[in-house]
Each structure stands twice: as structure tokens, then as C-alpha cells.
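Atoms within each ligand, like the ligands themselves, are counted from 1 in listed order.
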Amino acid sequence: MDNSESKSVTSMSRTLGKEAQKNNILAAKIVADIVKTTLGPKGMDKMLVDSSGNVTITNDGVTILEEMELDHPAAKIIVDIAKSQEQEVGDGTTTVAILAGSLLENAEKLIDRKIHPTMIIKGYKKAAEKSREILHALSLDVESRETLKKIAMTSMTGKGSEGNKEYFAELIVSAIDRIADKKTINLENIKITKIQGSRIEKSELVSGIVLDKERAHVDMPSSVKDARVLLLDVPLEIHSPETESRLSISTPEQLQNFLDAEQNTLKSLVDSIALSQAQVVFCQKGIDDVAQYYLAQNKIMAFRRIPRSDMERISKATNAKIISNINEIRPTSLGQADVDEVKHSNESFTYITSNNTKVATILLHGTTQHLIDEIERSLKDGLGVVASAVREGKIVVGGGSIEIALSLKLREYARTLQGKEQLAVEEFANALEKIPETLAENAGLDSIEVISELKRRHSSGNKFDGLNLLTDRIENCLDAGIVEPLKVKTQAIDAATEVATLLLRVDDVLVAKTHNPVNEDPLSGMD
Ligand code: ADP
Ligand code: MG
């Protein structure tokens, strides 16, 4: 264990023992420190500039971590758990990074007291398992639509959408309502379409899909009510000869014949479509100018180069099948919807709507691109938390309340354990306090005072007390409507424990020479 040294093997750099451990812990702490200042409603934003000079201003943990393009292997692992938190729950990415950092920081204290990492790992795993049980016991049922709105608002507090969070909470809950099939919610069925130009308050929920596309040809109809919709994933064009095969054309007549043949093929493709009685065509691939002309002549509205994800949403919204062979179009392949092209601040959008569809679009208006992008990120968090809350039906109280309640219960549990394991569980409990501590710090409050007051209140039975940063007071945060899905917390604790134990198990880091050696600056590659 104590053989900390760094060696260079011919093609590898190597860091061993304690030094490897310390180095990983340091990297994790630095990552946690970077995102820490964004936690909670009073958290600050970060301005990120990528290598080509693009600027992103955000408060979103996972976006910051992704954009930083960290090189250190331990730092990368933290970024990965933040990403998986984003995928699983859609929120809590800063929380998970902070927790992982503080679990490792506290493990280091134990290592310094000569406690072997395997003991710490064992204790942490027990603590994580117990946490799940305690969190379930402390959770409450989602009672109403109002609860769901509160969850959405809590996740948007302090984000780009703050000023309109009530409005967006309503949009989010209605969107989830529309697409939910009992407790099954596929967030892919909600599209967010961004429109730059007008004010945020013009944002709305559309039942169906809104594409930022215009019809392929101006002579096509711009609106078809109750249209028969055809979805194609084959191109309505003939590939240019140079990519397909070589032709030897030596006379103008041969060329003319060739072009005529091409036109005929396109015409007969369009004839087949017209014969199917389709009125609107969405094509995943290209549509040749000639085909566009014939389609327009047949009064068929057509759209080209629709992304696959939208093709699938349109299929879901209209009940149309995605067809790969024009000869296989049957009447049952076609779907039904109103299709309208609409202009918003000089840009064309296409609405594909129908009343009883399980697909929805949030049309997000905003004056600047930065603002719209940041609101989109917070809407996605809101959609994620509401979806989790509907699926699991359970919530916990935020504002640091649940973390304090959990850490007190874990300390009780620690007392039932022996020796070193007990110490590890206690350090796990301490690590949880980092969340309320950070919430307080970011609001410029005295975190030591806040934590001790919270503990005092919880010990005397006020188990929903937390730090309400809308009033800057310690109060019942359930009554204040600061609630989060249970899943955000269980997932964050599981994931943070997983990385912490993973990194504690490492005592040998081997890095191929092409990479920056890890025993130098843990954040090398950040610039
Ligand atoms: P994350 O990326 O982890 O979701 P956020 O910046 O969204 O980070 O902050 C989430 C934290 O903010 C949670 O612990 C939540 O309970 C807390 N929080 C949300 N609203 C309030 C509020 N009004 N007062 C205090 N804390 C709040
Ligand atoms: Mg959040």
C-alpha cells in the first residue's frame, strides 16, 4: 500500500499505491468543486467557451461537465455518472458530482487514519443500501397534479426558466399527461421545438409534432386538413451516375434519353404515391427537384430530410407506418393528421396535429438563442423529474431536508456497527451534509449555523425542515412546496457510491504515453 511511486515503463506512465489514490481523489474533488457553485436556486451560472469559440452559459451540471472535456480518468468517470444520472432521472447531476466528491474526500480522511480502502468500501456499500431503505421510509406519495407541478417548479428554481416557472410547470405536466400511458412514459414522445424571436410567454403545448421545416416546393398546398399521411424512408431521387456506375454517353441523343428515363422513373414513383391517395409525404431522405414538381402537380404536400427521431414521432402521432418500398404502400400504411405550414418571425414551421395523439411538442419561444437553450435544458430537467415522479409515485422533501434526515438516520444505524465499518458509515452520513451545506454557502449564508440548526430541528421531530432559499429561512419545506422525486436521490446516492468505491479500489494507474500522465495536474487538458 505504501509503495507510492511513479515510474515510467517504456510506453506507459504508471502511478502506484497511495499516490494513485490521492490523485484520483483530488481529481474528483476538483470536479465537484467546479460544479458546486451552481447547486440550488442561488447557484451561479458558468460561461463555457469551447475550442472554436462557441459560448454556452449554463447552470446545468451535466452540460458543464460535458463541455469541460476533462482528461483525467477519474474526472471522466465523474462526468460519466453525471451523464447516467441525466439519462435515468433527468435531474440531480450537480448533486451526484458533489456527493461523489465528498464521499471520496471523507474516504481520504479515513485512509489517512490508516483504515484500509476495502473497509471503507464495505462501509460505504452498507450505508448506500441502508440509505435506500431509509429514503423509501421517508418518502411521500404523489397525491395530485399540484404535487407534480411543484416538483417541476423545484427543479426549475434558479434556472433560466425561473421567471416563468409556474407557466412552464403547467406545460410540463400537461405534456406528460398527454403522452403518458398509465405509468409508462416515453419522453421521446415529447419534442421541444425552439423558436427565436418572440417572448417566452408565447411558449405553448401542441398536441402533435411541430417541425422546423417548410414544404419542399412552393406550389404544394400549405395546409391539408385531415390529411392522409405517408412516411417514407427511401429517397425520391435517382442517385447521380458518378456515384452509382459509369455510363458512356457520347451523343446528345443518348444524354437526352438518359435524362428522359430518369424523369420517367421519378414520375412513376410519384404516380404510385398519388395512386395511394396520400396527401402529405414526409420523407427521411432527399426529394429530387423533378419529383417535387410532380408532387406539387398532384397537389401533394411533401417534406424532405426529416430526422429519424421525428419520423418515428410522426408515425406515432398519425398512426402512419414508415415505408421503405414505394410498391408496398397499402391504404393501411397511411396515417391521419392536420398538416399546416405556419410562419413565426419569418421562419416556417410545420404543424402535424391531431386531437387524440399521444405525442406532444413544447413550442419554446424566446428572444435570444442563449436564453432559449438554457430554458430548454431546464425544461428537460422538469420533464425528467415529473416523469420519474409519475412512474414511481414517490417524492421527498428538498432544500437539504432529506439529506439531513437521512444522515441522522444513518448515524443511528452506524451505532449498530463495529469499529472501522462504523467510521465509514459515519463519514458517508457526513458526506450527505455537503448538499445543504452547499445550498447555504451558495446563498451566502453561514453553512455551519444552518447545518446545526437543521440537525437540531430534525432531532426534535421536524423532519421536513430544510433551507428554503426563496425566503432564506429554515422552515417546513414540504409546506413550502420544495419537493423532488425520490428517484433523484436514490439514483444520485447509488451512482455516487458506485464511483467512490470504484476509485477507492484503484491503486495502480497506467496511462498510455499518448495521454497526459495522470500524476501531473489532475485537470490537465482543461484549457
Ligand atoms: P442538480 O443538478 O443536482 O439538480 P440544482 O442546481 O438543480 O442541482 O439544485 C438542486 C437542489 O436545489 C436540490 O437539493 C433541491 O432540493 C434544491 N432546491 C430547489 N429549490 C429550492 C428552494 N426553493 N430552496 C432551497 N433549496 C432548493
Ligand atoms: Mg436540478
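- Protein heavy atom closest to atom 19 (C) of ligand 1, with residue, atom name and distance, is Thr154 CG2, 3.5 Å.
- Listed by number with element, the atoms of ligand 1 under 4.0 angstrom from any heavy atom of Thr38 are 6 (O).
- For a threshold of 3.5 Å applied to N or O pairs, the pair formed by Gly399 and ligand 1 contains at least one separation below that value.
- When only modelled atom types and interatomic distance are considered, Glu427 and Asn430 share a side-chain donor-acceptor pair under 3.5 Å.
- For Asn468, heavy-atom contacts with ligand 1 shorter than 4.0 Å involve the backbone as well as the side chain.
- Of all the listed residues (Gly398, Pro41, Ala82), Pro41 holds the heavy atom that lies closest to atom 18 (N) of ligand 1.
- Polar contact with ligand 1: absent for Ser155 (N/O pair, distance under 3.5 Å).
- At a cut-off of 3.5 Å, with distance as the only test, no side-chain donor of Lys316 or Thr357 sits close to an acceptor on the other residue.
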Legend entry - Full working for side-chain hydrogen bond (donor to acceptor under 3.5 Å, both in side chains) between Arg145 and Ser174: CA-CA 9 Å; Arg145 197 173 188 278; Ser174 305; 3.1 Å; yes
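- A donor-acceptor pair under 3.5 Å is formed between the side chain of Thr157 and the backbone N or O of Met153.
- Aromatic ring pairs are classed by plane angle as parallel below 30°, tilted from 30° to 60° and perpendicular above 60°; the pair His344 and Tyr351 is tilted.
- For Glu403, no heavy-atom contact with ligand 1 is shorter than 4.0 Å.
- Of all atoms in ligand 1, listed by their number and element, those nearer than 4.0 Å to a heavy atom of Thr94 are 1 (P), 2 (O), 3 (O), 8 (O).
- Within ligand 1, counting atoms from 1 as listed, the ones closer than 4.0 Å to a heavy atom of Leu39 are 3 (O), 6 (O), 8 (O), 9 (O).
- Under 4.0 Å from ligand 1, the heavy atoms of Leu467 that appear belong solely to its backbone.
- Proximity of Val62 to ligand 1, defined as any heavy-atom pair under 4.0 Å, is not found for any part of the residue.
- Under the 3.5 Å distance criterion, the side-chain polar atoms of Arg132 are left unmatched by any main-chain donor or acceptor of Thr490.
- With Thr416 contributing its side chain and Glu412 its backbone, the two residues share no donor-acceptor pair below 3.5 Å.
- Side chains of Thr118 and His116: a donor-acceptor N/O pair is present below 3.5 angstrom, by distance only.
- Here the protein heavy atom with the shortest distance to atom 4 (O) of ligand 1 is Asp91 OD1, 2.8 Å.
- The Mg ion (ligand 2) has an N, O or S atom of Asp91 under 2.8 Å away, backbone or side chain.
- At a cut-off of 3.5 Å, with distance as the only test, no side-chain donor of Lys455 or Ser407 sits close to an acceptor on the other residue.
- For atom 17 (C) of ligand 1, the nearest protein heavy atom (residue, atom name, distance) is Leu439 CD2, 4.0 Å.
- Of the candidates Gly92, Pro436, Gly43, Gly90, it is Gly92 that places a heavy atom closest to atom 1 (P) of ligand 1.
- Remark: the backbone N or O of Lys125 is not paired with any side-chain donor or acceptor of Thr497 at under 3.5 angstrom.
- Near Leu470, with a cut-off below 4.0 Å to any heavy atom, the atoms of ligand 1 are 23 (N).
- For atom 15 (C) of ligand 1, the closest non-hydrogen atom on the protein side is Glu484 OE2, 3.4 Å.
- Closest protein heavy atom to atom 3 (O) of ligand 1: Thr95 OG1, 2.5 Å.
- Those atoms of ligand 1 with a heavy atom of Ile482 less than 4.0 angstrom away are 20 (N), 21 (C), 22 (C), 23 (N), 24 (N).
- Ligand-side atoms of ligand 1 in range of Gly40: 5 (P), 6 (O), 9 (O), 12 (O), range being under 4.0 angstrom from any heavy atom.
- Counting only heavy atoms of the protein, atom 7 (O) of ligand 1 lies nearest to Lys159 NZ, 3.1 Å.
- Side chain of Glu475 to main chain of Leu467: no donor-acceptor pair is present (N/O by atom type, distance under 3.5 Å, no hydrogens or angles).
- A side-chain donor-acceptor contact under 3.5 Å links Lys46 to the backbone of Ile34.
- Residue, atom and distance of the protein heavy atom nearest to atom 14 (O) of ligand 1 are Lys489 NZ, 3.6 Å.
- Residue contacts with ligand 1: Leu469 is placed with a nitrogen or oxygen under 3.5 Å of a nitrogen or oxygen of the ligand (distance criterion only).
- The backbone N or O of Asp50 sits nowhere less than 3.5 Å from a side-chain atom of Glu67 that would complete a donor-acceptor pair.
- Residue Ile435 has no nitrogen or oxygen atom sitting less than 3.5 Å from a nitrogen or oxygen atom of ligand 1, judged on distance alone.
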Legend entry - Steps toward side chain to side chain contact (heavy atoms under 4.5 Å, CB included) verdict (Gln21, Ile111): CA-CA 10 Å; Gln21 233 148 25; Ile111 293 173; 4.3 Å; yes
